Amino acid sequence: MCANPLEDVRVCIADSLGVPIDSVRMGFDIPREEFGDISIVLSKAMIERDKVSLDRLRGCRFVSQADLKGIYLNIFLDRERFTQLVLSYVVGREDYGVCREGRQRNIVVEYVSANPIHPLHIGAARNAALGSFIARILRAFGNNVQTRFYINDAGRQTAIVALGFKLLKEFEKPANMKPDHWIGLVYAITNTVAEIQRVKKELEKASGEEVKKLKSELDELMVDAARLYSIAPDAFNVISEAMKSIDFEEEVSRIMKEYEEGEPSTVSLVRSIINMCIEGFKETLKRFGVEIEVWDWESDLIWSGEVEKILRELRKRATMHKGALAIDFKEIDREDIRERLRIEKGLEIPPLIIQRSDGTTLYTVRDIAYTLKKFREFNADTVINVIASEQKLPQSQLRLALYMLGYTREAENLIHYSYEIVNVEGAKMSSRRGRIITLDEIMNEAKRRVLMELEKRGGGSEEIAEKVGIAAIKFYLLSVSPSRPVKFAWDSVLNFERNSAPYLLYTYARTEGIFRKARELGIELDWAKMLQKIDKRLAETARRWRLVKLVASFPDIMYKSYKELDPSPLAIYTLKIADEFNTWYDEEPIVLEKDESLRDSKILLVYAVNKVLRNSLQMLGIEPIERM
RNA sequence: GGGCCCGUAGCUCAGCCAGGACAGAGCGCCGGCCUCCUAAGCCGGUGGUCGGGGGUUCGAAUCCCCCCGGGCCCGCCA
């Protein structure tokens with residue numbers, strides 16, 4: 001049973017008109033107020049064929065007035081009956097908004113999965129906010145959801161950071177630095193120093209235009225190096241000094257190979273570094289309100305032989321490409337397969353190299369083994385990978401490879417949930433050069449700003465500042481559609497006015513304030529009792545009626561966000577109901593209403609708004625607060 | 001060069017997939033509102049050739065084609 005008042009109305013209308021419910025659902029719309037409370041866009045054919053008659057609509061008890069205007073069937077609802085219906089759904093139902101109808105599915109959501117060689121940055125924050133939202137809303141609608149984090153410890157970057165720590169020898173981590181920040185710094189220093197060496201070497205052999213290009217590249221590198229030096233001069237010196245006497249590429253390649261082969265001293269070095277970084281991630285994510293259930297090590301897939309097994313299967317189908325063993329997807333690159341695997345028509349799929357010439361494995365191949373593991377271990381119907389849009393190509397190759405190896409069910413049910421990246425104004429982020437805005441610093445800055453704001457208003461606690469600040473970040477990241485890049489700017493993330501999480505939390509706190517005041521005045525807040533005697537005048541004013549209608553449309557909005565796994569409809573709706581509530585709040589007294597019957601019904605309406613705000617904030621991953 | 005995403009008010013963004021009734025918010029700017037339930041609020045004003053051009057349609061911000069601008073990808077990186 002779904003508590004959705006608008007759906008009840010739709011069913012009622014379809015029944016009375018004798019038309020299929022789906023045509024009413026399809027054409028359903030909320031029109032401009034003067035036209036009606038709801039409207040249904042009818043097809044011309046339907047008007048002709050079914051002879052839509054206004055008379056028959058009288059059979060629906062929620063309709064008070066209807067009018068056919070062109071293709072629009074405009075309907076005014078019976079305010080009293082509809083209000084009663086809406087509020088009866090809200091009272092005594094904690095999860096108002098969600099609907100558990102339909103088959104329960106087992107769904108794995110893999111998200112964040114940031115490279116464990118630098119702190120989580122603003123891009124990972126968008127991923128975390130989106131991924132946790134997806135997991136939450138899938139769960140709310142009754143699915144079994146498991147969340148996973150893929151620790152990419154088998155790549156080249158891991159070897160680079162390991163080399164950095166090797167060169168540092170006994171050098172200690174600065175005491176006041178978070179471990180993942182320290183690792184990110186060592187990674188950036190090692191990488192930048194190596195890049196400088198490479199460019200300098202190339203410069204010796206270059207001529208003409210090439211020289212100019214390399215010189216500007218070198219200039220840029222020197223700027224990064226200077227910045228890194230200023231953060232940790234001693235560590236920088238140790239690494240750059242030690243780098244002079246080694247062959248960087250050879251060392252990196254050796255570490256990678258030893259790690260894949262499970263050579264004990266390399267394994268213990270790499271694992272201790274990555275573990276430190278993961279501890280840092282967990283701390284950051286916990287603060288951000290995100291918890292991931294299963295942490296998978298990429299290297300485990302190699303050591304267990306799962307990657308080798310895939311590799312053997314792939315080799316049977318491999319051809320040579322540019323001197324390397326590769327999979328060419330031409331033979332299965334057909335329109336019908338693309339459609340089944342949701343691969344864009346025009347996307348050009350280059351061959352997939354399956355193994356480096358030194359024998360080490362490549363990411364996409366390892367990811368095939370990982371995908372199968374995710375399906376297998378949770379008996380998953382669907383696996384969702386929350387990954388930035390820039391990985392569209394490898395994700396498509398992954399599905400094609402699965403399909404080619406005969407894992408068609410997995411290929412068809414692996415979803416790449418793609419979102420656009422976060423751009424930082426005026427600067428290009430680069431973790432390789434240590435140029436990132438970390439989630440830790442964003443949270444600190446947000447908290448600092450909220451605290452300042454609270455002090456301006458005479459008080460407030462650290463705890464509230466923390467909650468409000470983090471809510472602001474999350475809401476900002478979720479309110480932009482996933483397909484659109486987010487432009488990061490401190491002032492827009494941390495804005496505390498309308499259209500922001502602080503505004504929503506403030507509005508929620510106001511509703512709580514009303515209940516507090518009511519209790520103070522000795523008013524009994526018995527919702528069931530209030531529901532039994534809703535004052536006829538409650539929905540008489542335009543403002544209160546609008547609020548009733550907004551509360552009524554909450555399940556539709558939730559469903560849309562669920563179906564599309566898109567938080568933005570919910571975010572926008574929440575702002576709208578907050579706006580309407582604040583206007584009402586200023587317009588007339590609620591608890592101080594003299595007429596007791598009307599007063600109680602007004603408080604009941606506040607209760608409905610409060611519940612809708614709470615449920616949507618929680619769905620967005622924001623913890624409501626009672627005072628602000 | 002090819003592919004994907006984006007282009008809507010000075011700025012940040014909804015609406016586009018499933019075409020319909022004068023294109024919506026916030027910020028900014030100008031002017032008001034705290035003896036009364038939280039002023040992170042409310043009210044009024046300001047502001048748009050929906051990137052440009054064609055096409056489909058009774059009707060296009062929305063669908064199709066071309067062009068322009070921005071981002072991302074096209075690696076024995078992930």
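Each chain gets a letter, A, B and so on, in the order the sequences are listed, and its residues count up from 1. Note that the structure is a prediction, hence the values are computed from the model and not measured.
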Base, sugar-phosphate alone, or nothing: which one does [X] contact when heavy atoms must sit under 4.0 Å apart?
| X | value |
| --- | --- |
| Tyr506(A) | base |
| Leu454(A) | base |
| Glu298(A) | nothing |
| Pro569(A) | nothing |
| Asn74(A) | base |
| Glu626(A) | base |

Which nucleotide in the set [options] lies at the smallest distance from any side-chain heavy atom of [X]?
| X | options | value |
| --- | --- | --- |
| Tyr72(A) | C73(B), A39(B), G20(B) | G20(B) |
| Tyr585(A) | A39(B), G20(B), C13(B) | A39(B) |
| Met26(A) | C37(B), A21(B), A18(B) | A18(B) |
| Lys487(A) | G2(B), A39(B), C13(B) | C13(B) |
| Ser481(A) | A78(B), A21(B), A14(B) | A14(B) |
| Lys560(A) | C17(B), C13(B), A78(B) | C17(B) |
| Arg32(A) | A21(B), U8(B), U38(B) | A21(B) |
| Val41(A) | G20(B), G41(B), G7(B) | G20(B) |

Quick one: list whatever passes salt bridge (charged side-chain N to carboxylate O under 4.0 Å, His left out) with Lys447(A), sequence neighbours left out.
Glu462(A), Glu466(A)
Taking only residues two or more places apart in sequence or in another chain, which ones pass salt bridge (charged side-chain N to carboxylate O under 4.0 Å, His left out) with Glu249(A)?
Arg156(A)
For RNA chain B, produce a single dot-bracket line, 5' to 3'. Pairs: Watson-Crick or G-U wobble, both distances under 3.5 Å. Symbols: ( ) within strand, [ ] crossing, | other strand, . unpaired.
(((((((..((((......[...))))((((((.......))))))....(((((..]....))))))))))))....
Between [X] and [Y], is there a side-chain N and carboxylate O pair less than 4.0 Å apart?
| X | Y | value |
| --- | --- | --- |
| Asp37(A) | Lys549(A) | yes |
| Asp333(A) | Lys330(A) | no |
| Arg449(A) | Glu445(A) | yes |
| Glu524(A) | Arg519(A) | no |
| Arg516(A) | Glu512(A) | no |
| Asp367(A) | Lys373(A) | no |
| Lys474(A) | Glu623(A) | no |
| Glu250(A) | Arg254(A) | no |
| Arg484(A) | Glu420(A) | no |
| Glu335(A) | Arg338(A) | no |
| Lys456(A) | Glu453(A) | yes |
| Glu588(A) | Arg543(A) | no |

Residue list, ring pair (Phe, Tyr, Trp, His ring centres under 6.0 Å) with Tyr419(A), at least two apart or on another chain
none
Which residues pass the ring pair (Phe, Tyr, Trp, His ring centres under 6.0 Å) test with Phe496(A), not counting sequence neighbours?
none
Any side-chain N or O of Tyr508(A) under 4.0 Å from OP1/OP2 of G41(B)?
no
Side-chain N,O (Ser39(A)) to OP1/OP2 (A21(B)) below 4.0 Å:
no
Let's see if you get this right: which residues in residues 513-521 of chain A place a heavy atom under 4.0 Å from RNA chain B?
Gly513(A), Ile514(A), Arg516(A), Lys517(A)
With a 4.0 Å heavy-atom cut-off, tell me which residues in residues 591-609 of chain A come close to RNA chain B, sorted by residue number.
Val591(A), Leu592(A)
Which atom pairs link the protein and nucleotides 75-77 of chain B when you take only N or O atoms and keep those under 3.5 Å?
residue : atom : partner   : partner atom : Å
C76(B)  : O2   : Ser357(A) : N            : 2.4
C76(B)  : O2   : Ser357(A) : OG           : 3.1
C76(B)  : N3   : Ser357(A) : OG           : 3.0
C77(B)  : OP2  : Arg356(A) : NE           : 2.3
C77(B)  : OP2  : Arg356(A) : NH2          : 2.6
C77(B)  : O3'  : Arg356(A) : NH2          : 3.4

Would you say the base of A39(B) and the side-chain of Asn582(A) have a donor-acceptor pair closer than 3.5 Å?
no
Establish whether the base of A18(B) is bridged to the side chain of Glu564(A) by a donor-acceptor pair shorter than 3.5 Å.
yes
Nearest-angstrom distance, [atom1] atom, [N] to [M]:
| N | M | atom1 | answer |
| --- | --- | --- | --- |
| A60(B) | C4(B) | P | 27 Å |
| U62(B) | G3(B) | C1' | 24 Å |
| C16(B) | G24(B) | P | 15 Å |

Within the 6.0 Å centroid threshold, strictly below: Trp527(A) and Phe515(A):
yes
Take the protein atom OH of Tyr503(A) and the nucleotide atom P of G41(B), then report the distance between them rounded to whole Å.
7 Å
Using whole Å, report how far CD1 of Ile557(A) lies from P of G15(B).
11 Å
Taking the chi torsion of C11(B), is it syn (within 90° of 0) or anti (everything else)?
anti
How long is the gap from CG on Leu570(A) to CD on Glu564(A), to the nearest 0.5 Å?
12.0 Å
Pairs under 3.5 Å (N/O, protein and nucleotides 64-72 of chain B):
residue : atom : partner   : partner atom : Å
C72(B)  : OP1  : Lys428(A) : NZ           : 2.7

Please list, chain by chain and in numerical order, all residues satisfying side-chain hydrogen bond (donor to acceptor under 3.5 Å, both in side chains) with Tyr417(A), sequence neighbours excluded.
none
Would you please name every residue forming a side-chain hydrogen bond (donor to acceptor under 3.5 Å, both in side chains) with Asn385(A), sequence neighbours left out?
Lys374(A), Gln395(A)
Assign each of Val468(A) and Glu588(A) to its nearest nucleotide of RNA chain B by heavy atoms, then name whichever residue's nucleotide is nearer the 5' end.
Glu588(A)
Which residue lies toward the 5' end of RNA chain B, Asn115(A) or Val450(A), if each is placed at its nearest nucleotide?
Val450(A)
Using a distance-only test with no angle check, is there a side-chain donor-acceptor pair under 3.5 angstrom linking Asp579(A) and Tyr503(A)?
yes
Sub-3.5 Å pairs of nitrogen or oxygen atoms, protein against nucleotides 27-32 of chain B:
none

